[in-house]
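All remarks here apply to the structure that follows.
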Amino acid sequence: MTSSPVSRVVYNGKRNSSPRSPPSSTEIFTPAHEENVRFIYEAWQGVERDLRSQMSGSERGLVEEYVEKVPNPSLKTFKPIDLSDLKRRNTPDAKKS
């Protein structure tokens, strides 16, 4: 039995820098952490923007789907999970009901 190829979205964008965000009242993050979060957020916003542009037909080639030529056999039974759902199920309020 053959498994279907694994696909990934690849973004070929550039990193932009922006000013630091103000510190939160309860959590303290290092400047490096804030920069990493900001980079990931901005890069993902760029991916979503580029995908919308490609879907509307106005741009091509910035985002492409990567498909493994030879899928990893150890991932054959991998099932993705919804992290938001997992978090909800593991919160104290969810366990009371």
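Along the sequence shown, residues are numbered consecutively beginning with 1.
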For the CD atom of Glu42 and the CD atom of Gln45, what is their distance to the nearest 0.5 Å?
9.0 Å
As an exercise, state the distance from CG of Leu83 to CG of Leu86, rounded to the nearest 0.5 Å.
6.5 Å
side-chain contact (heavy atoms from CB on, under 4.5 Å), paired with Val37, selected from Glu34, His33, Glu35:
His33
Please list, chain by chain and in numerical order, all residues satisfying salt bridge (charged side-chain N to carboxylate O under 4.0 Å, His left out) with Asp82, sequence neighbours excluded.
none
If I take atom OG1 from residue Thr30 and atom CG from residue Asn36, how far apart are they, to the nearest 0.5 angstrom?
7.5 Å
